[in-house]
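What follows is one structure encoded as structure tokens, with my remarks underneath.
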Amino acid sequence: MADISLDFQFKSPINKVWGALTNSDTLAQWVMENNFKPIVGHKCQFRNEEIDLIVDSEVLVVDEPHKLSYTWIGGPINTIVTWTLKEEDGITYLHLDHTGFDKEDQAFNGAKYGWAYKIEELKKVLIGIEEKGAAE
């Protein structure tokens, strides 16, 4: 088995990062269009029509604002995504475990680099949320 384990840091409060992981509209801004709801047992899909990708998911764990886990099933992969959050001294630490890959193949590497790219998009979304909040 091969697993992805990545760590990220944000200057945004933990509740803002949690919202970006669980709000369907915000998720669409940095991951893909979706019908996600942070409810254990909720079945949903992430969709990218440009590359004809549909990822089926089922929410497994919701421990707001510390842990979120769901299945990630699309194409050749049947895996689990788990986000773990903690906040210390004004920094939110976000840990990603994406588990269940058979080996370090194209799907594994695509997901590893894909998440790193998506987190850069998440950073932009969080900055936009912070700026919008400051303007209100």
Side-chain angles (χ1 to χ4, degrees):
M1 285 291 211
D3 297 330
I4 295 169
S5 181
L6 301 170
D7 289 293
F8 308 97
Q9 296 178 22
F10 303 93
K11 292 180 181 169
S12 299
I14 193 169
N15 63 321
K16 300 269 189 199
V17 179
W18 177 263
L21 294 175
T22 59
N23 179 285
S24 179
D25 292 336
T26 309
L27 271 170
Q29 294 176 42
W30 69 276
V31 180
M32 289 184 248
E33 290 294 323
N34 65 88
N35 60 335
F36 185 87
K37 290 182 183 163
I39 301 167
V40 172
H42 178 70
K43 290 182 166 77
C44 59
Q45 289 185 328
F46 290 85
R47 299 172 302 281
N48 183 331
E49 293 179 8
E50 289 177 19
I51 59 172
D52 197 28
L53 175 66
I54 295 176
V55 175
D56 291 304
S57 293
E58 180 178 347
V59 180
L60 303 173
V61 176
V62 177
D63 178 14
E64 183 176 350
H66 301 288
K67 188 171 186 179
L68 177 68
S69 184
Y70 45 87
T71 60
W72 188 265
I73 303 167
I77 63 171
N78 182 344
T79 57
I80 295 174
V81 170
T82 302
W83 301 100
T84 307
L85 300 85
K86 70 178 180 179
E87 186 174 11
E88 290 179 5
D89 300 322
I91 302 290
T92 298
Y93 297 89
L94 179 63
H95 178 78
L96 167 66
D97 284 312
H98 192 161
T99 60
F101 292 92
D102 291 331
K103 59 185 183 248
E104 291 190 24
D105 57 7
Q106 183 178 357
F108 172 89
N109 287 317
K112 185 175 181 180
Y113 293 108
W115 283 122
Y117 169 78
K118 294 292 187 186
I119 292 297
E120 290 304 312
E121 295 300 302
L122 172 57
K123 287 179 181 176
K124 293 175 190 171
V125 168
L126 288 169
I127 288 168
I129 290 170
E130 297 290 322
E131 289 173 352
K132 183 179 177 190
E136 289 178 353

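We're numbering straight along the sequence, starting at 1. Because only heavy atoms are used, hydrogens play no part in the values below, and waters and symmetry mates are left out as well, while side chains stay in.
Between the side chain of Lys43 and the main chain of Glu58, no donor-acceptor pair closer than 3.5 Å is present. Under a 3.5 Å cut-off, the side chain of His95 and the backbone N or O of Thr82 do not form any donor-acceptor pair. Side chain of Asp63 to main chain of His66: no donor-acceptor pair is present (N/O by atom type, distance under 3.5 Å, no hydrogens or angles).
In this structure, Leu85 is a member of the same hydrophobic cluster as Ile129, with clusters built from ILVMFWY side-chain heavy atoms closer than 4.5 Å. Residues Phe10 and Tyr117 are members of separate hydrophobic clusters, defined by side-chain heavy-atom contacts under 4.5 angstrom among Ile, Leu, Val, Met, Phe, Trp and Tyr. Residues Val62 and Val81 fall within the same hydrophobic cluster, defined by Ile, Leu, Val, Met, Phe, Trp and Tyr side chains chained together at heavy-atom separations under 4.5 Å.
Inter-residue side-chain proximity for Lys37 and Val59 is flagged as unmet; no heavy-atom pair is nearer than 4.5 Å. In this structure the side chain of Phe8 never reaches within 4.5 angstrom of the side chain of Leu122, judged on heavy atoms. Two residues are said to be in side-chain contact when any heavy atoms from C-beta on lie closer than 4.5 Å; Arg47 and Glu33 meet this criterion. Two residues are said to be in side-chain contact when any heavy atoms from C-beta on lie closer than 4.5 Å; Ile4 and Tyr113 fail this criterion. Counting heavy atoms from C-beta on, the side chains of Thr26 and Val125 come closer than 4.5 Å.
Ring pair Trp115/His98 is perpendicular by interplanar angle, where above 60° counts as perpendicular and below 30° as parallel.
Using a 4.0 Å cut-off between charged side-chain N and carboxylate O, Lys124 and Glu121 make a salt bridge.
Across Leu21, Ile14, Leu6, a single residue satisfies side-chain contact (heavy atoms from CB on, under 4.5 Å) together with Leu94, and that is Leu21.
Under a cut-off of 6.0 angstrom, the local environment of NZ in Lys123 is crowded, with over 12 non-hydrogen atoms contributed by other residues, nucleotides or ligands.
Side-chain polar atoms of Tyr70 and Trp83 form a donor-acceptor pair below 3.5 angstrom.
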> Going through the checks in order, is the side-chain contact (heavy atoms from CB on, under 4.5 Å) test met by Asp7 and Tyr93?
Replying inline: CA-CA 7 Å; Asp7 289 293; Tyr93 297 89; over 6 Å; no

> How far apart are the C-alpha atoms of Leu27 and Phe46, what are their side-chain angles, what is the distance that settles it, and do they pass the side-chain contact (heavy atoms from CB on, under 4.5 Å) test?
Replying inline: CA-CA 9 Å; Leu27 271 170; Phe46 290 85; 4.2 Å; yes

